[in-house]
Amino acid sequence: MGQNRHDSLLDAVRGIAAQAVVIGHASSAVLGESPLNTVLGWASYTAVLVFFVLSGYVICGSVLREYRVTGSVDTVDFAIRRIARIMPPYLATLALVGLFFTMTEIGREMSARYDLSLLGFVRSVFFGFTSHDAVVLTPVWSLRLEVVLYGMIALAAAAFAAEGNWRTVWCFALGLIVTFGMLRLAFMPTAIITFALGGLMAWARPNRSAALLSAGPMTSALAALGAFSYTLYLIHMPVILCVSSGLAGQNRVLIYFVAVLSSSAAAFLVARVVERPKTFADLIRRRLAVLRPQVS
């Protein structure tokens, strides 16, 4: 019961943070520059920081619990769980972005600013997108940072568990990925700090942190927002742009609210298909179990 309340509040915070990002982006796209838009922009920025803290808390907490129970960390299964969580909504986002640029009038008008080549989409699948690739229409820059952070955690766990020369190898690999992130990816230092803050919460006093996060009478109701928060975060910009184009000439406040609500509705529907991490993780494990005898 306590764990359920804990998970519910984490979902609630994720959901609120995702809504804050959508509200800020809709304000910028529909209402234009204003003091309110500046405030909402800062709220969106703060929400992204909250995402990194929550991610650090959840990921590091999961790794620490596994180590405390088993005395080791299964980095392969860690990667499977992360892929199952991240990739299905992300691939759905790539497909949606492709449809946006090819099937909508506003998308075709905007297409000259972006690289819509097959190569651009292929490199985007592996998070190698550039500032000109179509997928950057969505806020995937922060997702790429998350992927790098997951790599850091996996390498750190491998280095901690290894001995002798292998520990040196894993530490060297960790140093490389940290150096790459710091030198090549904007916002990486802030992402590391906020992610580490969440990790420290999970490590220092897990029971007290869980008790704190479990408080609040509206937790269960707000947790519903977290069920599709990841998908919402990824797909809301194409939805907002389609609504603002389709309702052009109408009252801007009306367009704004329709855009925000439509983003949530679309994300809810898409998430029912793509946000099934346990199902996808089991599928990957079964596929690997089939392939392993063939390889050996």
Side-chain angles (χ1 to χ4, degrees), residues 13-31 37-56 82 85-101 106-107 110 113-116 120-121 123-150 181 184-192 194-195 198 225-226 228-244 256 259-260 262-268 270-271 274-275:
V13 175
R14 285 193 195 97
I16 293 170
Q19 292 291 338
V21 172
V22 174
I23 288 169
H25 286 171
S27 175
S28 178
V30 177
L31 301 180
N37 187 47
T38 301
V39 173
L40 294 177
W42 276 104
S44 296
Y45 175 81
T46 303
V48 173
L49 297 182
V50 170
F51 280 132
F52 283 118
V53 174
L54 287 177
S55 184
R82 291 298 89 208
R85 171 65 174 146
I86 288 173
M87 291 307 295
Y90 179 62
L91 293 176
T93 300
L94 288 175
L96 180 63
V97 167
L99 291 174
F100 170 79
F101 281 111
I106 186 173
M110 296 173 60
R113 309 177 206 169
Y114 297 94
D115 180 359
L116 303 181
F121 277 94
R123 64 174 171 248
S124 295
V125 169
F126 299 98
F127 300 97
F129 48 81
T130 70
S131 59
H132 301 293
D133 285 327
V135 74
V136 299
L137 176 70
T138 67
V140 291
W141 62 271
S142 63
L143 180 58
R144 176 160 60 185
L145 296 180
E146 287 249 3
V147 170
V148 174
L149 288 168
Y150 297 156
R184 298 299 301 272
L185 301 178
F187 205 76
M188 193 77 230
T190 303
I192 290 176
T194 49
F195 188 89
L225 296 175
F228 57 93
S229 60
Y230 175 41
T231 301
L232 175 63
Y233 181 77
L234 289 179
I235 74 169
H236 68 272
M237 276 307 300
V239 178
I240 289 171
L241 292 173
C242 285
V243 170
S244 62
Y256 174 78
V260 171
S262 298
S263 297
S264 293
F268 175 78
V270 174
V274 298
E275 288 206 45

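Heavy-atom basis, side chains included; hydrogens, waters and symmetry copies ignored.
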K.L.:
Side chains of S264 and Q19: any donor to acceptor distance under 3.5 Å?
P.N.:
yes
K.L.:
Any sub-3.5 Å donor-acceptor pair from S263's side-chain atoms to A259's backbone N or O?
P.N.:
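Yes: the side chain of S263 pairs with the backbone of A259.
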K.L.:
Any non-hydrogen side-chain atom of V13 less than 4.5 Å from a side-chain atom of I16?
P.N.:
no
K.L.:
S55 side chain to F51 main-chain N or O, any donor-acceptor pair under 3.5 Å?
P.N.:
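Pair absent, no side-chain N/O of S55 close to backbone of F51.
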K.L.:
Could you tell me which non-hydrogen atom of A266 sits nearest to which non-hydrogen atom of V239, and how far apart they are?
P.N.:
CB-CG2, 4.1 Å
K.L.:
Can you find a pair of side-chain heavy atoms, one from L49 and one from V53, that are under 4.5 Å apart?
P.N.:
no
K.L.:
Distance check, rounded to the nearest 0.5 Å: H236 atom NE2 versus S262 atom OG?
P.N.:
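Those atoms lie 13.5 Å apart.
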K.L.:
Using the ring-ring contact (aromatic ring centres under 6.0 Å, His included) criterion, which residues pair with Y150? Sequence neighbours excluded.
P.N.:
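Partners of Y150 under the ring-ring contact (aromatic ring centres under 6.0 Å, His included) test: none.
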K.L.:
Drop me the distance from N37's CG to I23's CD1, to the nearest 0.5 angstrom.
P.N.:
12.5 Å
K.L.:
Just jot down the side chain to side chain donor-acceptor pair (under 3.5 Å) partners of R85, sequence neighbours excluded, or say none.
P.N.:
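With sequence neighbours excluded, R85 shows a side chain to side chain donor-acceptor pair (under 3.5 Å) to E275, given in chain and number order.
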K.L.:
Would you please name every residue forming a ring-ring contact (aromatic ring centres under 6.0 Å, His included) with F127, sequence neighbours left out?
P.N.:
Y90
K.L.:
Identify the heavy atoms of V136 and S131 that sit nearest to each other, and give their distance.
P.N.:
CG2-O, 3.5 Å
K.L.:
To the closest 0.5 Å, what do you measure between CG (L96) and CG (L91)?
P.N.:
12.5 Å
K.L.:
Is the side chain of S244 donor-acceptor paired with the backbone N or O of L241 at a distance under 3.5 Å, no angle test?
P.N.:
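Side chain of S244 to backbone of L241, a donor-acceptor pair under 3.5 Å: yes, one is there.
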K.L.:
Side chain to side chain contact (heavy atoms under 4.5 Å, CB included) between Y114 and V97: does it pass, once the steps are laid out?
P.N.:
CA-CA 11 Å; Y114 297 94; V97 167; over 6 Å; no
K.L.:
Side chains of T138 and I235: closer than 4.5 Å at any heavy-atom pair?
P.N.:
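They are not in side-chain contact.
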K.L.:
Taking all non-hydrogen atoms of both residues, which atom of A47 and which atom of A20 are closest, and how far apart?
P.N.:
CB-CB, 4.0 Å
K.L.:
Run the ring-ring contact (aromatic ring centres under 6.0 Å, His included) test against F52 and tell me which residues pass, sequence neighbours left out.
P.N.:
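Listed in chain order: nothing, the list is empty.
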K.L.:
Quick one: does R144's side chain have a donor or acceptor within less than 3.5 Å of a partner on F129's backbone?
P.N.:
yes
K.L.:
Side chain of T194, backbone of A191: donor and acceptor closer than 3.5 Å?
P.N.:
yes
K.L.:
Of the non-hydrogen atoms in F121 and A134, which two are nearest, and what is the gap between them?
P.N.:
CZ-CB, 4.0 Å
K.L.:
Got L149 and M188 here, is their nearest side-chain heavy-atom distance under 4.5 Å?
P.N.:
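Touching, per the 4.5 Å side-chain cut-off.
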K.L.:
Could you report the tightest heavy-atom contact between V135 and V140, atom names first, then the distance?
P.N.:
O-CG2, 3.6 Å
K.L.:
Can you tell me how far CZ of R123 sits from CG of D115, rounded to the nearest 0.5 angstrom?
P.N.:
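Between D115 CG and R123 CZ, I get 5.0 Å after rounding to 0.5 Å.
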K.L.:
The criterion is side chain to side chain donor-acceptor pair (under 3.5 Å); which residues satisfy it with S124, sequence neighbours excluded?
P.N.:
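S124 satisfies side chain to side chain donor-acceptor pair (under 3.5 Å) with no residue once adjacent residues are dropped.
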K.L.:
Evaluate side chain to side chain contact (heavy atoms under 4.5 Å, CB included) for F100 paired with L137, printing each intermediate quantity in order.
P.N.:
CA-CA 10 Å; F100 170 79; L137 176 70; 3.6 Å; yes
K.L.:
The criterion is side chain to side chain donor-acceptor pair (under 3.5 Å); which residues satisfy it with Y230, sequence neighbours excluded?
P.N.:
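Side chain to side chain donor-acceptor pair (under 3.5 Å) list for Y230, sorted by chain: empty.
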K.L.:
Mind listing the closest non-hydrogen atom pair of A18 and L232 along with its distance?
P.N.:
CB-CD2, 4.1 Å
K.L.:
Quick check for you: to the nearest 0.5 Å, what is the distance between L145 atom CG and L185 atom CG?
P.N.:
6.0 Å
K.L.:
Does a side chain donor of either Y233 or S142 reach within less than 3.5 Å of an acceptor in the other side chain?
P.N.:
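Short answer, yes.
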K.L.:
Taking everything shown except F268 itself, do over 12 heavy atoms lie less than 6.0 Å from its CZ?
P.N.:
no
K.L.:
Between the main-chain N or O of L40 and the side-chain N or O of S44, is there a donor-acceptor pair closer than 3.5 Å?
P.N.:
yes
K.L.:
Does some side-chain heavy atom of T190 sit less than 4.5 Å from a side-chain heavy atom of F187?
P.N.:
yes
K.L.:
Would you check if the side chain of T231 reaches a backbone N or O of F228 as a donor-acceptor pair within less than 3.5 Å?
P.N.:
no
